[in-house]
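Here's the structure, in structure tokens; my notes come after.
Sequential numbering from 1 along the given sequence is applied to the chain's residues.
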Amino acid sequence: MHRAPGQQPLTTLAFVWRIERSDGVALGFTSHDRDLDRDGLRYSSAPGMLPSAARLTDGLDADDMELAGALTSAALTATDLASGRWDGARLTLAAVDWAD
């Protein structure tokens with residue numbers, strides 16, 4: 001990480017989201033400006049994707065959240081989408097320290 005002496009970076013956090021189909025096929029995306037590898041999955045850079053503010057209650061699960069942007073990946077084919085392979089996919093969102 002490059003920075004001038006005495007200066008700290010603004011943040012080293014990036015959002016990652018994992019989309020997993022019911023058959024176990026998973027894709028990863030990140031808001032960081034480069035791809036990240038984490039827990040055996042490559043999270044492809046998708047800097048146009050940003051999560052909204054999350055509203056939390058007693059638990060750690062978000063009660064309300066939106067993602068804005070468009071995902072593009074060669075792995076997301078029109079055929080797979082039209083045939084419903086991604087229907088009911090599980091989405092996991094996390095904030096990670098990309099400097100790790």
Residue pair Leu76 / Trp86, side-chain heavy-atom distance below 4.5 Å: yes

Heavy-atom nearest pair, Thr30 first then Ala14, reads OG1-CB, 3.9 Å

In terms of heavy-atom contacts, Ala75 and Asp80 come closest through O-OD2, 4.0 Å

OG on Ser22 to CZ on Arg90, rounded to 0.5 Å: 12.5 Å

Salt-bridge criterion met for Arg21 and Asp87 (N-O under 4.0 Å): no

So, for Tyr43 and Arg38, which heavy atoms are closest and what is the spacing to 0.1 Å? CE1-O, 3.6 Å

Are Glu20 and Val25 close enough that some pair of their side-chain heavy atoms sits under 4.5 Å apart? no

Stepwise side chain to side chain contact (heavy atoms under 4.5 Å, CB included) test for Leu41 and Arg18: CA-CA 9 Å; Leu41 183 65; Arg18 175 188 176 106; 3.5 Å; yes

Rounded to the nearest 0.5 Å, what separates atom CG in Leu36 from atom CG in Asp33? 9.0 Å

CA sep, side-chain torsions, deciding dist, call: Thr12, Asp97, side chain to side chain donor-acceptor pair (under 3.5 Å): CA-CA 5 Å; Thr12 58; Asp97 183 346; 2.8 Å; yes

Any heavy-atom pair between the side chains of Trp17 and Leu91 that's under 4.5 Å? yes

Taking Ser45 for the side chain and His32 for the main chain, is one N or O donor matched with an acceptor at less than 3.5 Å? yes

Is a side-chain donor or acceptor of Ser44 paired with a backbone partner of Asp35 at a separation under 3.5 angstrom? no

Evaluation steps, side chain to side chain contact (heavy atoms under 4.5 Å, CB included), between Val16 and Leu93: CA-CA 6 Å; Val16 294; Leu93 175 69; over 6 Å; no

Let me check something: do Leu13 and Phe29 share a hydrophobic cluster, defined by ILVMFWY side-chain heavy atoms less than 4.5 Å apart, either directly or through other members? no

